[in-house]
Amino acid sequence: MQEKVLILGGGVIGLATAFELSRRNYDVTVLEKTSCGGQASGAAAGMLAPYSEIGEDPDDFFKLCLDSLRMYKTWQADVKAISKLDFEYTESGSLHAVYHDADVLALETRQSWQSEWGAETELISGERLWDMEPTLSKDIKAAMYYPEESHVFAPDYVKALEAACRRNGVKIHEHLEAVEVVDFKQSITVRAKEGKEFTGERLIVCSGAWSNELEDVFGIRIPVYPIRGQICAYDVPVDQVKHIVYTSQGYLVPKGNGTLVNGASEDIAGFKTDVTDKGIQRLTNWNKQVFPFLADMNPFHTWAGLRPATQDGFPLIGKLEGASQVVFATGHYRNGILLSPITAVAVADLLDEKEAYAPLASCKPERFM
Amino acid sequence: MKQKKLTIAGKELSSRFFIGTGRYPNPFVQNEAIKASGAEVLTFAIRRVNLGAPNEDAILQHLEGMSFTYLPNTSGAKTAEEAIRIARLAKASGLSDWIKIEISVDEKTLLPDPIETLKATEVLAKEGFVVLPYTSDDPVLCKRLEEAGAAAVMPGGAPIGTGLGILNPYNLQLITEQANVPIIVDAGLGSAMDVAQAMELGADGVLMNTPVAKAKDPVKMASAMKYAIEAGRLSYEAGRIQKKKYATASSGLTEFVSK
């Protein structure tokens, strides 16, 4: 008999986990209040950039991100093969650009420890920088080149994951409006609108920015906060920008269709997902310092998503100690797209009772006092 | 209870806690931790700030509506010349005329270069900056920095971000005893214990970033550090007892025994 697994949340983490479990012969049902990939997942710039994101030290979060990056090539090919849908996955490499000589020491520090983890890095300055990225501002002093960093087109990736799940027999229920965990101790029962009930033997919590609402249900602290991320996009000639460009103020990601995605303005706005003039102007005022040609352009599209941030910066991934039939996989903040393969595989391994993936030691869902 | 306030370059500060803006897990936790710290002086790396529009900076934008004394720092500078250059950029942007000089050469220890730090202090103090140099915990060097015009001197307890605590309490006590300007212990502290120790050794304040930002609960840790600063300072002002080898009865029985 297949074990019945209910997954709360149809974001990238919920869908990736459903996909992996469906490959391991579980009977999987995804319960989504609105529509799949409708929040942070669909809004993401899709960067797969652990070296750019984590510059300070090799903690478990860095290991999660790095291992996930290294899984991506195979993972995305599997999703494409099963979904029969294509989406952009580009191994563009990234340039972490800096404006002061004083930044070079910090780049050397990160190069020093990142190299120990097998990172390919090269500190680039002078003409070679503009050979690699011709329209980059001449004010940039140097950049760290990370050839391994890549990006996916997040909305298409999420659509393909959803399609792959359906093809593998995952049942996906959307627009449930209210989803309430009625019982998780004896058996798992989740009730949606109009009293419709779903039951199973396992429950996986992938509720993203809304996870905090479950504190009373499970009787634990779940310090996950929504942080709004506002993004804008420009229409530029295909291949004009070649790499992800990352700076202290934000990033630019060149998509294969000529869209240049510029993120992100973060702010604290509760569950609001509208864009603000202030948030977008912060990007449009600054981005010409990276690519001067943007001074004469206007973004053709602006949007926002809610990122599930946590109190200590680590996601919540693991079984509840008091109720091992409940597994958390939430709080991935700005790295949900990147962390989707490692989270899916780590959660599936937990269900299979395999030895737990070591970095999960920092991700225990009940760690908050 | 009457407590003397910390004054730097004529500015009376409401708190002895100087806090950094780096490494927080997200803007929400950053803001809550800074609020909980009660800190009035905020430090950040100039090289990371959008100097053209500081109110639109990735980190500083979140602090809108709160009031701080900004202490921009020259972290990443390897020479006095470089530190002076970015200090001038920060001042010209209108951010602040306070400057924390931080000059390091070794990418692993980030220990301050004493010679370059002294040079930069002399130049920037003459130019009218309020100079707070981050320096090694050498009593002679700290005195030289004071003479060069530092408004306060900031010896490190241990290398930046290590959380090793105060590696040389003897030196730190000498430094605070000799100083005519405030001594702010900067770098290397890990927990409330280290902070209380610094304050009991006579420090006038403490600058921290990593031990708060990278704690499991940064908001709670900011609060803990705030209490540790207050407790350590009160203990210093109150004057501790001498250490003795043998016990003394605290009930003081002997005085009351009638003969």
Side-chain angles (χ1 to χ4, degrees), chain A residues 54-57 59 61 98-113 139 141 221 223-229 247-251 264-270 278-279 281-286 288-289 307-315 331 333-334 362 367-369, chain B residues 22-33 44-53 55-62 64 73-79 81-87 89-90 102-110 160-162 209-210 213-221:
Chain A
I54 303 139
E56 308 290 352
D57 46 20
D59 55 15
F61 186 68
V98 300
Y99 290 85
H100 300 279
D101 292 333
D103 285 299
V104 174
L105 183 71
L107 291 183
E108 285 168 354
T109 301
R110 55 166 72 209
Q111 187 172 36
S112 158
W113 71 259
D139 292 337
K141 279 275 187 306
R221 272 196 73 214
V224 178
Y225 323 100
I227 299 287
R228 179 167 62 183
T247 79
S248 69
Q249 298 300 315
Y251 53 78
S265 276
E266 292 196 321
D267 66 352
I268 304 147
K278 186 180 174 231
Q281 278 163 15
R282 221 204 109 237
L283 300 170
T284 56
N285 289 341
W286 150 82
K288 53 183 178 281
Q289 294 176 38
R307 302 154 155 192
T310 67
Q311 179 181 287
D312 60 3
F314 290 81
Y333 193 31
R334 349 194 299 172
S362 297
R367 67 185 180 273
F368 300 103
M369 285 191 273
Chain B
R23 311 196 65 187
Y24 290 90
N26 59 68
F28 175 77
V29 169
Q30 171 196 286
N31 279 13
E32 295 304 309
F44 45 82
I46 298 162
R47 62 187 166 82
R48 294 187 58 86
V49 171
N50 183 356
L51 286 176
N55 59 328
E56 293 186 351
D57 175 70
I59 286 176
L60 299 182
Q61 57 156 341
H62 302 299
E64 207 175 39
N73 67 62
T74 65
S75 95
K78 290 180 174 177
T79 62
E81 193 193 338
E82 225 171 291
I84 292 164
R85 187 166 63 236
I86 47 181
L89 285 176
E102 182 177 334
I103 304 173
S104 318
V105 279
D106 184 279
E107 104 280 344
K108 275 201 197 304
T109 65
L110 298 174
I160 297 170
T162 57
N209 189 346
T210 307
K214 299 297 279 183
K216 278 285 156 209
D217 187 339
V219 183
K220 213 172 257 185
M221 188 58 90

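The figures here come from the full heavy-atom set of this structure, side chains too, leaving out hydrogens, waters and symmetry mates. Residue numbering restarts at 1 for every chain, and letters A, B, ... go by the order of the sequence lines. Remember, it's a predicted structure, so these values are computed and weren't measured experimentally.
Nearest heavy-atom pair, A/Lys278 versus B/Gln61, reported as atom, atom and distance to 0.1 Å: NZ-O, 4.4 Å. Closest non-hydrogen pair, B/Glu56 versus A/Asn285, comes out as OE2-ND2, 2.9 Å. Looking at every heavy atom in both residues, B/Pro27 comes nearest to A/Tyr333 through CD-OH, 3.3 Å. Across all non-hydrogen atoms, the minimal contact from B/Phe28 to A/Ile227 is CB-CD1, 3.7 Å. Nearest heavy-atom pair, B/Asp106 versus A/Leu105, reported as atom, atom and distance to 0.1 Å: C-CD1, 4.4 Å. Minimum heavy-atom separation, B/Lys216 to A/Ser362: NZ-O, 4.3 Å.
Only the backbone of B/Val105 comes within contact range of chain A, with heavy atoms under 4.5 Å apart. When heavy atoms are compared at a cutoff of 4.5 Å, B/Ser75 approaches chain A solely by way of its backbone atoms N, CA, C and O.
When the candidates B/Ile46, B/Ile86, B/Val29, B/Asp57 are compared by the number of heavy-atom contacts under 4.5 Å with chain A, B/Asp57 comes out ahead. If you tally non-hydrogen atom pairs under 4.5 Å between each of A/Gln289, A/Gln249, A/Glu266, A/Glu56 and chain B, the highest count goes to A/Gln249.
Under the 3.5 Å distance criterion, the side-chain polar atoms of B/Asn26 are matched with a main-chain donor or acceptor of A/Thr310.
Scanning for side chain to side chain donor-acceptor pair (under 3.5 Å) contacts around A/Lys288 gives an empty result, with sequence neighbours left out. For A/Glu108, the side chain to side chain donor-acceptor pair (under 3.5 Å) partners are B/Lys78, not counting sequence neighbours.
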